[in-house]
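Since the structure comes first, as structure tokens, the remarks are kept for the end.
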Amino acid sequence: MSPHVLILGGTAEARLLAAELASVPGVRVTVSLAGRVTRPAPAAGDVRTGGFGGAEGLAAWLAERRVTAVVDATHPFAARITAHAARATATTGVPLVVLRRPGWRPGDGDRWHPVASLAAAADALPGLGRRAFVTTGRLGLTAFAHLAGVHLVVRSVEPPEPPLPPHADVLLARGPFTVADETALLRRHRIDVLVTKDSGGAATAAKLTAARTLGLPVVVVRRPPLPAGVTAVPDIAAVLERLGHTPPRPTP
């Protein structure tokens, strides 16, 4: 049976991995997107959009499509999808590889305030500032809805769904962002505290450098834990090694 790899995608790493695997002769690649972004970046291989119907639906899909391996390359905060992938692969016996880019680490001069959830981030804000730059995505903003005394500047790729916090400006933009641009944004909007998830990666890390330069506190939402018994690899090379697939080397 020819290898058929299902990539649970939505990240830059998922697209890069799909391109690598699609270059391996005989390997079929399917990239699954949750459908939360209306104009996703193109990906190699077959692309499907939408949910599977929970862990049971995913298990049935794996069996029906004869999937030989699953790579969870979703966002580090897509805990539900990861849990479904762990259950479905355990049920079917299909190997699972979880790809997670390394999280950010504070450096000299950083004023980080780690919290466990968006709700905890909202609770921490009044004691840290009055104008917050919130970069936690368009989902979950209801956690900040009660903050009448804090003005939020919210950045997301697509417009967030209501209800929104009472005092919020929405900026629509997609990374990567430069340190110069992030510093100018923080100054322009008179931001005195930054809120972010520990997404990791370079595409959106410039805001952390900008906050450090300006001496701003940063509320960092920690990543949810992986399901019991599941471990992650940090990069595409490690995924390919786990799968036993190596893309062809270019001809000198």
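All residue numbers in this chain count up from 1 along the given sequence.
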Taking all non-hydrogen atoms of both residues into account, name the closest pair between [X] and [Y] and its distance.
{"X": "L147", "Y": "A122", "value": "CD2-O, 3.6 Å"}
{"X": "L33", "Y": "G9", "value": "CD2-C, 4.0 Å"}
{"X": "A121", "Y": "V221", "value": "CB-CG2, 4.1 Å"}
{"X": "T30", "Y": "W61", "value": "CG2-CH2, 3.9 Å"}
{"X": "G26", "Y": "P3", "value": "O-CD, 3.5 Å"}
{"X": "T49", "Y": "A34", "value": "CG2-C, 4.5 Å"}

Audit row: T231, V98, side chain to side chain contact (heavy atoms under 4.5 Å, CB included) steps and yes/no: CA-CA 7 Å; T231 59; V98 178; over 6 Å; no
Taking the side chain as every heavy atom from C-beta outward, state whether [X] and [Y] have any atom pair closer than 4.5 Å.
{"X": "T82", "Y": "R100", "result": "yes"}
{"X": "P217", "Y": "H113", "result": "yes"}
{"X": "L58", "Y": "L6", "result": "yes"}
{"X": "T209", "Y": "E182", "result": "no"}
{"X": "L21", "Y": "L243", "result": "yes"}
{"X": "L240", "Y": "L17", "result": "yes"}
{"X": "V70", "Y": "V94", "result": "yes"}
{"X": "S32", "Y": "I7", "result": "no"}

Does any N or O in the side chain of [X] come within less than 3.5 Å of the main-chain N or O of [Y], such that one atom is a donor and the other an acceptor?
{"X": "S156", "Y": "A173", "value": "no"}
{"X": "H4", "Y": "R65", "value": "yes"}
{"X": "T11", "Y": "T74", "value": "no"}

Using the rule that Ile, Leu, Val, Met, Phe, Trp and Tyr join whenever any side-chain heavy atoms are under 4.5 Å apart, tell me whether [X] and [Y] fall into a single cluster.
{"X": "V218", "Y": "F177", "value": "no"}
{"X": "L194", "Y": "V154", "value": "no"}
{"X": "L16", "Y": "L99", "value": "yes"}
{"X": "V27", "Y": "V239", "value": "yes"}
{"X": "V5", "Y": "I236", "value": "yes"}

State the [atom1]-[atom2] distance between [X] and [Y], to the nearest 0.5 angstrom.
{"X": "L214", "Y": "L186", "atom1": "CG", "atom2": "CG", "answer": "6.0 Å"}
{"X": "K197", "Y": "R223", "atom1": "NZ", "atom2": "CZ", "answer": "11.5 Å"}
{"X": "R131", "Y": "I191", "atom1": "CZ", "atom2": "CD1", "answer": "5.5 Å"}
{"X": "F77", "Y": "L118", "atom1": "CZ", "atom2": "CG", "answer": "8.0 Å"}
{"X": "R155", "Y": "R174", "atom1": "CZ", "atom2": "CZ", "answer": "12.5 Å"}
{"X": "L185", "Y": "T178", "atom1": "CG", "atom2": "OG1", "answer": "10.5 Å"}

Selection residues 101-110 - residue pairs positive for side-chain hydrogen bond (donor to acceptor under 3.5 Å, both in side chains), sequence neighbours left out: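 As it turns out, the side-chain hydrogen bond (donor to acceptor under 3.5 Å, both in side chains) pairs with a partner in residues 101-110, which skip direct neighbours, are E13-R101, D110-R212.
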Working for side chain to side chain contact (heavy atoms under 4.5 Å, CB included), residues V157 and R138: CA-CA 8 Å; V157 175; R138 66 188 181 95; over 6 Å; no
Donor-acceptor contacts under 3.5 Å from residues 159-171 side chains, at least two apart:
from, atom 1, to, atom 2, distance (Å)
H167, NE2, A148, O, 3.4
D169, OD2, H151, NE2, 2.8

Side chain to side chain contact (heavy atoms under 4.5 Å, CB included) between L125 and L152, intermediate numbers included: CA-CA 10 Å; L125 278 184; L152 305 184; 4.2 Å; yes
Side chain to side chain contact (heavy atoms under 4.5 Å, CB included) evaluation trace for L216 with F133: CA-CA 11 Å; L216 302 183; F133 184 34; over 6 Å; no
Within 6.0 Å of CZ in R66, more than 12 heavy atoms from elsewhere: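 No, CZ of R66 has 12 or fewer neighbouring heavy atoms, counting only those of other groups under 6.0 Å.
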